[in-house]
Amino acid sequence: MASSLTADIKQRVIGIVREQFNLELDDFSSEIPPRTELGDLAFPVAFELAKRIKAATGEKKNPREIAAKLAEGLSNIPGVAKVEIAGAGYLNIFFNRTQMFEKLIELGKSSFDQVSQAQRLARKLREGKSKLIVEHTSINPNKAAHIGHVRNSVLGDTVVRILKATGDNVEVHNYIDNTGVQVADVVVGFRHLENRSLDEIKAIAERPATNRADNFDYYCWDLYARVGQWYEEDKARLAIRAQTLHEIEAGNNATAAIGEYISAKIVDCHLDTMSRLDISYELLARESEILHLHFWAHAFEKLKASGVIVFENEGRNKGCWVMRAEGSDAETRGESDAENEHDADKIIVRSNGTVTYTGKDIAYHLWKLGKLGLDFHYRPLRQDHRGHDVWITTGDEAAASAERPLFGNGTAFLNVIDVGQSYPQANVKKAVMLLAATEEEKTKVSRSAHLAYEKVTLSADAAKELGVESDGAVSMSGRKGLGVKADDLIDRLEANALKEVQARHTDISEDEQKNIAHKIAVAALRYFLLKYTRTSIIAFDFKEAMSFDGETGPYIQYSAVRANNIFRKLGRTPDAVQSDIGQVAAEQINEFFTGESGNDLWSLVYFAARLNDVARLSADAFEPTHVAKYAFQLAKQFNLFYHNHHILSEANEARKTLLLLVADVARRKLEQALALLGIAVPEKM
């Protein structure tokens with residue numbers, strides 16, 4: 001509502017500027033005044049226009065005079081009550097509070113996805129957007145997921161929710177590196193440390209689990225750490241890893257069969273873990289198919305033919321195929337034969353003929369954008385917790401499904417990968433951009449991005465609660481077996497929440513108590529991981545995350561539950577109350593939003609109305625923290641409103657109706673914001 005009115009005002013300003021000053025404006029900034037009495041929207045556009053007029057004509061114009069001319073043409077826009085000139089030339093817009101409030105009530109039964117569907121669809125078509133492929137989670141399938149993996153998954157899932165809500169067509173991928181070193185190490189552990197056959201490994205994986213520690217991914221967690229120590233004891237054993245990796249990559253042998261079984265079972269464990277946080281995927285793309293279906297061979301030919309990579313005949317990269325940095329030449333590339341991780345010239349194929357991870361990634365991303373000329377085979381893997389099909393790639397055409405969704409062929413890709421992978425990710429995008437044939441393709445691909453995020457540590461208190469001894473914050477190291485498994489973390493959050501729920505609600509069943517505790521635990525974890533910017537290092541703390549006060553998921557949930565309780569105690573549904581707006585005269589609504597108390601009420605309504613703008617900001621920046629911060633601020637404003645107004649005991653029926661409707665607007669926007677964050681609202685807390 002607020003965003004559409006802002007867009008109307010901007011279009012009117014652009015027209016006035018064209019007519020009055022013979023200048024073209026594509027867009028210009030808007031601001032929210034610091035206090036409601038100063039207006040609902042402010043435009044500093046007059047200052048920019050003064051500079052442009054002087055540059056074009058040499059004439060010096062006062063920004064206040066320019067603002068006055070703009071104000072004359074804005075006074076008759078539906079939804080605008082008045083326009084004022086402030087300070088040295090700010091254009092302050094005051095919305096018609098009655099009209100906007102009535103419109104918000106009218107839209108009351110619409111979900112976030114329906115509020116401005118036509119507008120978002122038009123925007124998507126105008127910008128040439130078709131399909132965004134978002135890849136997240138992508139955990140090595142060799143052991144249990146840990147809290148760092150959870151940050152990746154929660155970020156990716158929330159970005160997907162926000163992008164879909166703001167009009168993008170999104171396809172969600174989870175890349176499975178089932179032929180990598182980490183899987184090879186677990187195979188080495190089973191074969192060389194424990195002397196297990198495939199049948200014996202299956203018996204371990206499929207035995208009944210009496211507790212979480214019996215799970216196969218937990219077993220592999222410990223085994224992986226043991227293998228790392230085994231290598232440390234004798235570095236010559238690394239040759240066993242190299243041979244094992246070679247056999248896994250080659251396929252069709254006993255070692256590859258063990259690797260295939262282990263990775264498939266661990267993937268199932270990962271999917272189960274992430275489903276506890278309401279996270280799912282559409283396609284699991286496996287590296288084994290990239291190898292066996294010759295994706296890299298095709299990509300290699302394209303890269304050579306286009307000149308994106310070149311063969312080095314001299315210098316330290318002699319014998320390698322490299323993607324040269326801009327301005328690079330043979331003389332400046334040095335003489336060392338060692339590959340530096342951050343060389344300006346990126347090696348794609350080493351002098352021994354092996355392809356780097358970046359090369360395989362380029363092939364995969366060319367497929368993502370429909371530029372490779374090859375495709376995977378696909379088969380359905382399972383149904384997720386929402387009842388949707390999850391598909392997986394396969395190299396076996398006979399096992400593939402003839403009828404399946406159209407995967408890939410995106411216009412851009414977003415990869416949620418830790419900040420340590422920024423350099424190779426930049427080279428992947430660079431290669432794909434260089435292969436784009438037209439400017440239109442380059443423009444679309446330019447939206448592709450690496451959504452980098454920093455690591456998650458545990459506070460000393462959290463580490464102690466999970467049985468990890470430490471004097472300070474604990475960082476994860478899967479190689480050393482140091483870290484916190486995601487399921488253990490969720491279990492502890494649920495246990496802590498259950499104690500609180502049982503103390504507050506002795507009158508409900510144990511299943512209901514557990515259901516509420518689960519929702520609170522998910523809210524605590526997801527919000528804690530989302531309230532920080534992606535590039536912030538996080539130290540997770542149970543007490544801080546689980547608090548019902550302060551900036552936490554449970555606090556925001558509790559605010560939404562409190563809002564719902566108003567209508568439960570009233571004995572009427574919010575939908576029924578919405579119909580009462582017709583019984584309140586426009587004059588009464590206008591009086592309701594007048595004066596100091598009215599300004600406070602309007603501040604809450606107007607802030608609630610800005611959810612779409614905040615979601616779009618998050619979508620454009622791929623930064624969920626904007627929605628997280630908005631949800632917390634809205635919860636704070638609602639709680640202040642709740643304490644200041646005795647809604648159900650209000651004697652004036654018209655005022656009571658309006659207070660109920662204000663509560664409903666805040667309630668709906670709180671629930672919609674939480675849904676964007678992947679957080680459900682329990683019936684009680």
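Quantities reported herein were computed from a predicted structural model and do not represent experimental measurements.
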Task: Val419/Ser422 under side chain to side chain contact (heavy atoms under 4.5 Å, CB included): CA gap, chis, key distance, verdict - done: CA-CA 5 Å; Val419 71; Ser422 295; 3.8 Å; yes
Hey, is [X] close enough to [Y] for a salt bridge, meaning N to O under 4.0 Å?
X: Arg12; Y: Asp8; value: no
X: Glu454; Y: Arg151; value: no
X: Arg616; Y: Asp620; value: no
X: Glu106; Y: Lys103; value: yes

Open item on the list: Show every ring-ring contact (aromatic ring centres under 6.0 Å, His included) that has at least one partner inside residues 425-445, sequence neighbours left out.
Closed with: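 Qualifying pairs: none.
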- [ ] Would you list the pairs meeting ring-ring contact (aromatic ring centres under 6.0 Å, His included) in which at least one residue belongs to residues 46-81, sequence neighbours left out?
- [x]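 As it turns out, the ring-ring contact (aromatic ring centres under 6.0 Å, His included) pairs with a partner in residues 46-81, which skip direct neighbours, are Phe47-Tyr90.
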Side chains of [X] and [Y], donor plus acceptor under 3.5 Å:
X: Asn639; Y: Tyr555; value: yes
X: Arg324; Y: Asn317; value: no
X: Thr552; Y: Ser547; value: no
X: Thr625; Y: Thr533; value: no

Compare every heavy atom of [Y] with every heavy atom of [X], then report the nearest pair and how far apart it is.
X: Asn415; Y: Phe413; result: ND2-CD1, 3.6 Å
X: Leu41; Y: Pro33; result: N-CD, 3.7 Å
X: Lys61; Y: Ala50; result: O-CB, 3.7 Å
X: Arg534; Y: Ala621; result: NH2-O, 3.8 Å

Task: Under 3.5 Å: donor-acceptor pair, side chain of Asp418, backbone of Gly420 - done: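 A pair under 3.5 Å: yes.
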Task: Under 3.5 Å donor-acceptor, Lys429 side chain and Ser446 backbone - done: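 Side chain of Lys429 to backbone of Ser446, a donor-acceptor pair under 3.5 Å: yes, one is there.
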Task: Residue among Phe632, Phe638, Tyr630 satisfying ring-ring contact (aromatic ring centres under 6.0 Å, His included) with Phe607 - done: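 Result for ring-ring contact (aromatic ring centres under 6.0 Å, His included) with Phe607: Tyr630.
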To the closest 0.5 Å, what do you measure between [atom1] ([X]) and [atom2] ([Y])?
X: Arg447; Y: Thr411; atom1: CZ; atom2: OG1; answer: 7.5 Å
X: Ser559; Y: Glu671; atom1: OG; atom2: CD; answer: 11.5 Å
X: His365; Y: Leu372; atom1: NE2; atom2: CG; answer: 12.5 Å
X: Thr594; Y: Glu587; atom1: OG1; atom2: CD; answer: 11.5 Å
X: Leu5; Y: Gln99; atom1: CG; atom2: CD; answer: 9.0 Å
X: Gln672; Y: Leu670; atom1: CD; atom2: CG; answer: 9.5 Å

TODO: Kindly indicate whether the side chain of His136, heavy atoms from C-beta on, has any atom under 4.5 Å from the side chain of Val159.
DONE: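 His136 does not reach Val159 side chain to side chain.
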Open item on the list: With a 4.5 Å cut-off on side-chain heavy atoms, are Leu155 and Leu451 touching?
Closed with: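 They are not in side-chain contact.
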Ignoring hydrogens and angles, write down the donor-acceptor pairs under 3.5 Å from the side chains of residues 51-58, residues two or more places apart or on other chains.
from  : atom 1 : to    : atom 2 : distance (Å)
Arg52 : NH1    : Glu24 : O      : 3.0
Arg52 : NH2    : Glu24 : O      : 3.2
Thr57 : OG1    : Ile53 : O      : 2.7
Thr57 : OG1    : Glu59 : N      : 3.1

For atom [atom1] of [X], is the number of surrounding heavy atoms from other residues, nucleotides or ligands below 6.0 Å larger than 12?
X: Tyr175; atom1: OH; result: yes
X: Asn22; atom1: CG; result: no
X: Glu37; atom1: CD; result: yes

Open item on the list: Do Arg562 and Tyr642 form a cation-pi contact, if we require the NZ or CZ to be under 6.0 Å from the six-membered ring centre and within 45 degrees of the ring's axis?
Closed with: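 Yes, Arg562 and Tyr642 form such a contact.
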Task: Set of residues satisfying side-chain hydrogen bond (donor to acceptor under 3.5 Å, both in side chains) with respect to Lys10, sequence neighbours excluded - done: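 Only Asp27 meet the side-chain hydrogen bond (donor to acceptor under 3.5 Å, both in side chains) criterion with Lys10.
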TODO: Take the angle between the ring planes of Phe101 and Phe592 and call it parallel below 30°, perpendicular above 60°, tilted in between.
DONE: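 Ring orientation of Phe101 relative to Phe592: tilted.
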Open item on the list: In terms of relative ring orientation, are His645 and Phe641 parallel, tilted or perpendicular, with 30° and 60° separating the classes?
Closed with: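 The rings of His645 and Phe641 sit tilted, inter-plane angle from 30° to 60°.
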Task: Under the salt bridge (charged side-chain N to carboxylate O under 4.0 Å, His left out) test, residues paired with Glu591 that sit two or more places apart - done: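 Counting only residues at least two positions away or on another chain, Glu591 forms no salt bridge (charged side-chain N to carboxylate O under 4.0 Å, His left out).
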Task: Those residues that, when tested against Lys69, pass salt bridge (charged side-chain N to carboxylate O under 4.0 Å, His left out) (two or more places apart) - done: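 Lys69 satisfies salt bridge (charged side-chain N to carboxylate O under 4.0 Å, His left out) with no other residue.
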